[in-house]
Amino acid sequence: VVKFANKASIEMRLSPMSETSEAINALEYTAGATNTDDALTKCQETLQSSDGERIIMLITDGVPTEKNPGPDITPEEAAKRAATAAKNAGIAIIPVFISQDLDGIAFMTEISSIGQVFDVTDFSELSSSIDDLVMAIDPCDGSDQSTRAPTPIPTKNPTLEPTFQSQTISPTLSPTLSP
């Protein structure tokens with residue numbers, strides 16, 4: 001988990017998804033510039049030693065307005081270069097954009113590895129959606145659970161993928177003819 005505004009800081013190294021969700025929920029908002037360049041660079045550093053699937057969930061409320069010292073380029077261009085470097089290192093980027101700014105959504109779509117952005121309207125919606133976002137990235141969550149608990153209220157964008165049911169514990173007296 002990397003927190004960023006004017007500068008980025010590593011808040012938590014690689015951890016199970018459940019701990020990551022807790023760490024994200026515990027973060028406090030700090031106003032400031034948006035240094036996406038530094039955030040992506042620090043995320044890439046934390047993922048270098050990982051031999052599993054490497055994903056950056058980039059949660060931000062704005063487009064880049066700050067960058068690391070270096071070439072005379074815009075903060076957006078610096079962020080694009082950092083995103084390209086991460087992708088070239090085999091790291092996927094999935095942006096979560098806390099805004100309805102269409103230009104910002106377009107920028108986040110551009111740096112996204114999947115060409116899509118999770119967009120939420122405000123921080124309270126993010127808090128209530130964080131577990132769903134984490135599950136969207138890693139539905140297995142590294143646990144042995146074969147089913148996921150349903151959400152108490154319907155989501156705006158339901159998934160269309162099938163859910164996997166656990167095996168029946170006790171067989172029925174009249175088995176079905178097809179699986």
Side-chain angles (χ1 to χ4, degrees), residues 1-12 15 17-44 46-47 53-67 74-87 90-141 148-163:
V1 175
V2 173
K3 180 179 180 178
F4 67 105
N6 297 2
K7 296 190 130 242
S9 62
I10 298 169
E11 300 292 311
M12 173 188 274
S15 303
M17 290 297 241
S18 58
E19 291 176 29
T20 303
S21 291
E22 290 174 21
I24 293 169
N25 281 323
L27 290 175
E28 292 187 23
Y29 177 77
T30 56
T34 304
N35 192 338
T36 309
D37 172 25
D38 199 24
L40 290 171
T41 300
K42 290 267 190 327
C43 287
Q44 185 175 353
T46 67
L47 293 170
E53 187 174 12
R54 300 179 302 164
I55 301 171
I56 296 171
M57 183 190 320
L58 179 69
I59 302 173
T60 183
D61 67 343
V63 294
T65 57
E66 185 72 38
K67 67 181 185 77
T74 66
E76 284 190 359
E77 185 58 36
K80 287 178 189 177
R81 288 183 181 187
T84 299
K87 291 180 208 175
I91 301 169
I93 300 171
I94 302 176
V96 178
F97 194 55
I98 308 167
S99 175
Q100 293 302 305
D101 172 48
L102 296 179
D103 290 335
I105 291 172
F107 176 79
M108 292 299 152
T109 301
E110 190 175 340
I111 66 169
S112 172
S113 296
I114 60 173
Q116 294 179 341
V117 177
F118 290 97
D119 59 311
V120 294
T121 55
D122 56 36
F123 285 95
S124 62
E125 184 181 349
L126 173 65
S127 291
S128 65
S129 302
I130 198 69
D131 289 336
D132 290 333
L133 293 170
V134 170
M135 287 301 293
I137 290 174
D138 184 8
C140 294
D141 188 25
R148 182 171 170 225
T151 55
I153 56 173
T155 58
K156 287 186 207 176
N157 301 315
T159 59
L160 300 177
E161 298 89 28
T163 56

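Every value quoted in this text rests on a predicted model; they were computed, and no experiment measured them. Just so it is clear, the values below take in all heavy atoms, side chains as well, and ignore hydrogens, waters and symmetry mates.
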Can you check whether D37 reaches R81 side chain to side chain, under 4.5 Å on heavy atoms?
no

Check for a donor-acceptor pair, side chain of S99 on one end and backbone N or O of D61 on the other, with a separation under 3.5 Å.
no

Can a donor-acceptor pair be found, under 3.5 Å and without considering hydrogens, that links the side chain of K80 to the backbone of F107?
no

Do you know which two heavy atoms are closest between T46 and I10, and how far apart they sit?
CG2-CD1, 3.5 Å

Crowding at CG, L102 (>12 non-hydrogen neighbours, <6.0 Å):
no

Closest approach of N35 and F4, non-hydrogen atoms and distance?
O-CD1, 3.6 Å

To the closest 0.5 Å, what do you measure between SG (C43) and CZ (R54)?
12.5 Å

By side chain to side chain contact (heavy atoms under 4.5 Å, CB included) - contacts of A5 (at least two apart)
T30

Can you list everything that forms a salt bridge (charged side-chain N to carboxylate O under 4.0 Å, His left out) with K42? Sequence neighbours excluded, please.
D38

Inter-residue atom distance I55.CD1 - I114.CD1, 0.5 Å rounding
9.0 Å

Atom of A86, atom of I56 and distance for their closest heavy-atom approach:
CB-CD1, 4.3 Å

To the nearest 0.5 Å, tell me how far E110 CD sits from I93 CD1.
11.5 Å

Check A85 against Q44 and note the closest heavy-atom contact, atom names and distance.
O-NE2, 3.6 Å

Could you tell me whether the side chain of T60 reaches within less than 4.5 Å of the side chain of M108, counting heavy atoms only?
yes

Do P75 and E66 come within less than 4.5 Å of each other through their side chains, counting heavy atoms only?
no

Shortest non-hydrogen separation from T36 to A79 and the atoms involved:
CB-CB, 3.8 Å

What's the shortest heavy-atom distance between F97 and V63, and which atoms?
CE1-N, 4.2 Å

From I98 atom CD1 to D119 atom CG, the distance as rounded to the nearest 0.5 Å
10.5 Å

